[in-house]
There are 4 protein chains.
Amino acid sequence: MPKVSPEYLESRRAEILDAAIVCFARDGFHPTTMKDIVRESGLSPGAIYNYFQSKEEIIESIAARRHEKERQLVLEAISKGPIATALDRVRDAFLDDLDSPQERLRRRVSVQLWAEAQRNPQVRKIVRRSFDEPRKLLSEMLIEAQKRGAIAQGANAEALASFVIAAFHGLVLQREWDSHFSIEPHKQLLDLLLGAVAGAPESAMAG
Amino acid sequence: MPKVSPEYLESRRAEILDAAIVCFARDGFHPTTMKDIVRESGLSPGAIYNYFQSKEEIIESIAARRHEKERQLVLEAISKGPIATALDRVRDAFLDDLDSPQERLRRRVSVQLWAEAQRNPQVRKIVRRSFDEPRKLLSEMLIEAQKRGAIAQGANAEALASFVIAAFHGLVLQREWDSHFSIEPHKQLLDLLLGAVAGAPESAMAG
Amino acid sequence: MPKVSPEYLESRRAEILDAAIVCFARDGFHPTTMKDIVRESGLSPGAIYNYFQSKEEIIESIAARRHEKERQLVLEAISKGPIATALDRVRDAFLDDLDSPQERLRRRVSVQLWAEAQRNPQVRKIVRRSFDEPRKLLSEMLIEAQKRGAIAQGANAEALASFVIAAFHGLVLQREWDSHFSIEPHKQLLDLLLGAVAGAPESAMAG
Amino acid sequence: MPKVSPEYLESRRAEILDAAIVCFARDGFHPTTMKDIVRESGLSPGAIYNYFQSKEEIIESIAARRHEKERQLVLEAISKGPIATALDRVRDAFLDDLDSPQERLRRRVSVQLWAEAQRNPQVRKIVRRSFDEPRKLLSEMLIEAQKRGAIAQGANAEALASFVIAAFHGLVLQREWDSHFSIEPHKQLLDLLLGAVAGAPESAMAG
DNA sequence: AATGAATGAGATTTCATTCAT
DNA sequence: CATGAATGAAATCTCATTCAT
């Protein structure tokens, strides 16, 4: 099976990552063995090592792909409509797929990545970026909103962006572990908070 | 030859758990070897196995201890002052020690536990409880506040409790991975949210 | 589709062997991978396997080629001049190229072959021949010299041939590993020995 | 099996090295698997790795032990008798055990070490020393002999030492691979050479 | 003839756990 | 109760070789 197209190679890489995600979501990075990934992917060990240098590199590639995916999600949500409702679109983009099985699988792996970031510097770098960049994008958007007067001048845009992201991450966890979880009430609370910020007196919001 | 006091036994167990936490916070559960724990604790492998049946049991004990600790934190915060300011006390109890090094160590292990819950049923049970019980305590308190009229009647107490906890969990992650993190602005946003809930019209809060 | 000249095939084989020698001289037979040889030769794995059935066959071909080369060296040195100075010519033929980089590369592979002969019967056969045949050639030459009276009658021609070869092999090793090595003094010692043998009383040389 | 004596540990190390030597002499370093060593030693893989960090370290330890052994052999031969016959004793010490099966095993491993020195820097260091140090010891002895007038003043002591060692190494190889090998004639040739050096005119021996 | 992706047996090493002392 | 050497199943990764194209 010689000289195949770059697209073929890329799709093989993706296949392997998808198989690995299934395994990692089930068992976590370390208890998952290469044999598990071999079984799930239907390839041979050697084939996998033709595409990735090590298990670590698979994990790091998943982290990178995940990060890129989220960045796109934010960027698209922001750009794909009137600026006034951008935050709503971001909110929906993230919260809505908390219920998609496919996405839950990936969110479980995100939780693994938060844990893995503690020991793997490469993963840590990507996880840091996955916190920093969305916060920056969101907070730029909020500053824009302030300029338009849609949000109180005194509001601390960066903190608000940060807080919204924190809430989202916390909800990811609850989606997994809290037996009473449902999305809708949290959306309303988020809106309530944003509404409150919109009208907040300066003193309440100083950074 | 045996015959030592139960207190001695308990303090030995605690020593081992403390040593394990140091290791787990650094490397995660699975990459940490029993040898690491042996080194950190200064005990021998045999000694450790006299107190715990397995590495899994150490992890589960840490999860249980952690859970119990948090439950106490909520209970104390609620009971140790006027009910009107209980939520403030809970908020402070949790947020303030996000900056204590000792506590950060333990929070890092909490992140590991979220990941581990995916594969270890025993840990999952404890993690579930650590989501459910605090939510229940908080939401009971909020319902109490509603009865007193301190919060709008229409507010969805359970969702609010849940949301506050989600935000806290998200902040634990940011404390670790976001390079711009500081607590204070988030406290203010939390207060803003609670203030908004207190005065919210029923329609905005229907569960 | 095949149909290429035997010369082409032979030159391809030689290319591969040359590339392999570079690798083997650097890393030894077993640590050298086929991938290394692929890289060094610029061919593909499949191409190499069209010329050799296995890595072992490459090693054995190198051994055979090496052996043949040395046999020629002795034969030429002996035949290319007056018999009286044949031994000098052999001596020079072998010692002089101990300083050629090309030849050092090949000598390094000879050392590998000595080691490999321990486990690979085919290589062992060739290595044995590479000890036996030159010894035989040399010793026949010495017997000739005895008949002419150039060497004492009592001299043990076979042992002397053997000893001269031993010294040469030892010098190959020293050339590689002894930091103080230089050829010239050893040539003189060899001459001194041969001179002594020429005039030795029978008693000193009985086989 | 806790807390055993350092002697016990040392003897276990030696056992492992002895088992490894048997395997290495049979198959060479790289084709020998850890499983082979496990089988030969009767220990478990884990046990072996309690004493050596890697297979490489086993090889290096064998090299070091071998080197030390030879150094002792030279030192003892030199010091254990009248200086006038020291060279004879060295000669005998080395040549005589070329026929001992135990020693042949070890010599086979020496050949492996010469090959291995090409790629393993640690082994190379030891092999270099095993060439340099004996040469130095021998040549100091020869210089002493010159001072006493037992050897011609003009003789190049260092080259002679070097040559004698080369011959010995070459004989190690022949012992293994030459089907006609026997020691005795070579001893006589060595003596003849030394005798010739003893009486050589200065011009023939200038370094 | 050439290519190079795929194979899969097998190599080295680790590590949770045991148990003789 | 403590020790730590020993165990051995299993993990990650390699690499000679094949074969569809």
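In this text, all values refer to a predicted model and were calculated from it rather than measured experimentally.
- Under the 4.0 Å criterion applied to side-chain N and carboxylate O atoms, A:R129 and A:E68 are not assigned as salt-bridge partners.
- Of the candidate nucleotides E:dG8, E:dA5, E:dT3, E:dA5 has the atom nearest to the side chain of A:V4.
- If D:G46 and C:K55 are placed on DNA chain F by their nearest nucleotide, the residue sitting closer to the 5' end is D:G46.
- In this structure, B:N50 reaches the F:dA2 phosphate: one of its side-chain N or O atoms is under 4.0 Å from OP1 or OP2.
- Counting to the nearest Å, the P atom of F:dA10 and the CD1 atom of A:I37 are 18 Å from each other.
- Between B:R128 and A:E176, the shortest heavy-atom contact is NH1-O, 3.8 Å.
- A:R12 has a side-chain polar atom (N or O) that falls below the 4.0 Å cut-off from OP1 or OP2 of E:dA6.
- If you check the side chains of B:Q112 and A:Q118, you find a donor sitting under 3.5 Å from an acceptor.
- Figure legend. E:dA20 is base-paired to F:dT3; pairs are counted as Watson-Crick or G-U wobble with both atom distances under 3.5 Å.
- We find that CD1 of A:I16 is positioned 12 Å from P of E:dA5, with the value rounded to whole Å.
- Across all strands shown, C:I58 has no heavy atoms under 4.0 Å from either base or sugar-phosphate atoms.
- Residue contacts shown for C:F52 are absent, as no nucleic acid heavy atom lies under 4.0 Å away.
- Taking the six-membered ring where tryptophan is involved, the planes of D:F29 and D:F24 are perpendicular, since the angle between them exceeds 60° and thus also 30°.
- The CZ-P distance, from B:F29 to E:dC15, rounds to 17 Å in whole Å.
- F:dC13 atom P lies 15 Å from atom NZ of A:K35, rounded to whole Å.
- If you measure from atom CD of C:E10 to atom P of E:dA1, you get 13 Å, rounded to the nearest angstrom.
- Of all the heavy atoms in D:C23 and D:D36, the pair that sits closest is SG-O, 3.7 Å.
- Following rounding to the nearest Å, A:M34 (CE) and E:dA9 (C1') show an atom-to-atom distance of 16 Å.
- Using Watson-Crick or G-U wobble geometry with both donor-acceptor distances under 3.5 Å, E:dA1 finds no partner in any strand shown.
- Taking atom C1' on both E:dA1 and F:dT21, the two are 13 Å apart, rounded to the nearest angstrom.
- The 5' end of DNA chain E is approached more closely, in terms of each residue's nearest nucleotide, by D:Y49 than by the other of B:H30 and D:Y49.
- Checking E:dA11 for Watson-Crick or G-U wobble geometry (two distances, each under 3.5 Å) identifies F:dT12 as its partner.
- Note on A:Y51: every side-chain N or O is 4.0 Å or more away from OP1 and OP2 of F:dC13.
- Between A:R13 atom CZ and E:dA6 atom P the separation is 13 Å, expressed in whole Å.
- Atom pair D:L9:CG and F:dT3:C1' shows a separation of 13 Å (rounding to whole Å applied).
- Both A:T33 and D:I48 lie close to DNA chain F; mapped to their nearest nucleotides by heavy-atom distance, the more 5′-ward contact belongs to D:I48.
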